[in-house]
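Heads up, the thing below is written out as structure tokens.
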Amino acid sequence: MNARRTASGTAGKAERHGGRRRHRPLIALAALAPVPAALLTATLTATLLSPVDVRDGNADGTGAAGRPHARPQTVAPAAAAAPERCDDGTPAAASLRPSDEAGEAVERIRERGHLVVGVDQNNYLWGYRNPHTGSIDGFDIDLVKAVGRDLLGADPKIVYRTIPTDQRIPAIRDRQVDMVVRTMTINCERRAEVAFSTAYFTAGQQILAPRSADVTGHDGSLEGLRTCSAKGSTAAAAMEREDFGSSQLLVPNQLDCLVRLQLGEVDAVVTDSALAAGLAAQDPTVELVGEPFTTEPYGIAMNLADEDLVRRVNKVLDDFRSGGDDSAWRASYDRWLADVMPDRTPEPPIPQYRD
């Protein structure tokens, strides 16, 4: 379905188009500068990424870390979808056992004196440019800092390279980065091209649509509609397998999909439930609908040859997850995600190993 652009009218309303309610241009909260297809390098040291007080809300109506108070989304658990198993019989999310030994890859980073990490700067609450501080913040960035401290000490120098979704694997294979920490789903196809850590979060593909729409989930309600996903994402692959009669628009990043939805150019967004919740927090006229229809374990991606780095990162993740309610994982969850993913008993994934 081709969307009809209107030059006038009341923002935030919906119009009938082809028998369905279409979302009209609303707000430009998501209209940040999109990440270009080429790698954009943003060099920031840990001292520039200053910590933000997250204990209380602020007088200006913002909440933790200067974030706007968000309406919690109903994100159904992704456990209904069976986790993927690879041809060798191991779960897709199985990785190498942790070790604190420093091999060739770890020593290479130490000799260089800084860690180079591929991240997102448009993924709200995961890896995004904080408008209050100018720094890149989020759950994924907390993980980056933990890895940096382990490899380089208390005040590590970290080079952040913001990378579009479909450039994550090429950036790793071409050694433009040491690792990618960017809500990257672990699956068997990708595991053949890059090495993954153990899973640090689990989500599932879900539909994001205007509250005024008739969309009910990943089902027949999508027939004749146009969906949006990030190019190279597991969401795009899932919609290629089963589109329910919809057409798909591919863009560089998930945030671009929210902009297209606000402009009325698409009818729904398909992305990970955790990412969709962050998008919904930026626009109160959209919501997650239906249930997650896949299982998406997030992992830190590295070069296949860097086994010592994979094991070292897995040791960092073990420490990050340990401690229950007092763990660094839980602290990061409460800081960034608790407002939009109201799981009262959040727990990190249990690590799985194949060696």
Side-chain angles (χ1 to χ4, degrees), residues 70 72-84 91-95 119-120 122-128 138-143 165 168 180-191 196-209 217-218 227-230 232-239 241-242 253-255 257-258 268-282 286-301 317 320-321 329-330 332-352:
Q73 294 293 307
T74 302
V75 182
E84 182 183 14
S95 183
V119 298
D120 200 343
N122 292 324
N123 192 346
Y124 187 55
L125 306 180
W126 289 90
Y128 75 108
F139 190 95
D140 279 346
I141 307 307
D142 286 354
L143 285 177
T165 302
R168 294 176 297 187
V180 167
V181 187
R182 195 186 178 284
T183 57
M184 188 169 178
T185 298
I186 308 168
N187 62 29
C188 298
E189 181 180 357
R190 290 174 174 173
R191 210 174 81 175
F196 280 101
S197 69
T198 53
Y200 63 82
F201 199 90
T202 303
Q205 297 300 332
Q206 200 166 359
I207 308 298
L208 182 76
H218 185 242
T227 66
C228 182
S229 296
S233 67
T234 50
M239 291 303 292
R241 291 191 298 269
E242 180 57 83
N253 293 290
Q254 286 85 358
L255 182 65
C257 283
L258 179 58
V269 175
V270 186
T271 188
D272 300 359
S273 54
L275 309 187
L279 295 178
Q282 299 173 75
V286 301
E287 63 180 346
L288 287 90
V289 295
E291 295 187 359
F293 55 93
T294 65
T295 296
E296 308 286 330
Y298 296 162
I300 297 175
L317 288 177
F320 197 80
R321 286 184 292 246
W329 187 96
R330 180 60 184 268
S332 188
Y333 181 96
D334 288 346
R335 180 180 189 182
W336 301 111
L337 306 177
D339 287 350
V340 298
M341 299 189 70
D343 186 347
R344 302 306 177 190
T345 57
E347 294 182 357
I350 298 173
Q352 297 175 294

(Q) Working to the nearest 0.5 angstrom, can you tell me the gap between Q254 CD and N122 CG? (A) 9.5 Å
Q. What closest approach, in Å, do P91 and Q352 show between heavy atoms, and which atom pair accounts for it?
A. CG-NE2, 3.6 Å
Q) Hey, is the main chain of G204 close enough, under 3.5 Å, to the side chain of S273 for a donor-acceptor pair? A) yes
Q) If we only count heavy atoms from C-beta on, is the W329 to F139 side-chain gap below 4.5 Å? A) yes
Q: Over all heavy atoms of both residues, which pair between N187 and A92 is shortest? Give the atoms and the distance, please.
A: CA-CB, 4.0 Å
Q | Close side-chain approach of F320 to P348, heavy-atom, < 4.5 Å | A | no
Q.
I'd like to check the side-chain contact (heavy atoms from CB on, under 4.5 Å) partners of A236; sequence neighbours left out, ordered by chain and number.
A. S229, S233, Q248, L250
Q: Identify the heavy atoms of T271 and L279 that sit nearest to each other, and give their distance.
A: CG2-CD1, 4.4 Å
Q) If you take all heavy atoms of S332 and D142, which pair is closest and at what distance? A) OG-OD2, 2.7 Å
Q | Any donor-acceptor pair under 3.5 Å from H218 side chain to V270 backbone | A | no
Q. Is L275 close to T183 at the side-chain level, that is, under 4.5 Å between some pair of heavy atoms?
A. yes
Q. Heavy-atom distance under 4.5 Å between the side chains of L125 and L337, does that happen here?
A. yes
**Q.** Pairing residues for R190 by the side chain to side chain donor-acceptor pair (under 3.5 Å) criterion, not counting sequence neighbours
**A.** none
Q) Taking Q282 for the side chain and G278 for the main chain, is one N or O donor matched with an acceptor at less than 3.5 Å? A) yes
Q. With a 4.5 Å limit on heavy-atom distance, are the side chains of N123 and N253 in contact?
A. no
Q.
Could you work out, with salt bridge (Lys or Arg N to Asp or Glu O under 4.0 Å) as the rule, every residue matching R191, not counting sequence neighbours?
A. D88
Q.
Against D140, only a single residue in Y200, Y128, W126, Y298 fulfils side-chain hydrogen bond (donor to acceptor under 3.5 Å, both in side chains); can you say which?
A. Y200
**Q.** Which atom of M341 lies closest to which atom of Y333, heavy atoms considered
**A.** O-OH, 2.5 Å
Q.
Whether the D272 and Q206 side chains hold a donor-acceptor pair (N or O, under 3.5 Å, no angle test) is what I'd like checked.
A. no
Q: Identify the two heavy atoms, one from R321 and one from P351, that lie closest to each other, and give their separation to 0.1 Å.
A: NH2-CB, 3.4 Å
Q. Between the side chain of S95 and the main-chain N/O of F196, is any donor-acceptor distance below 3.5 Å?
A. yes
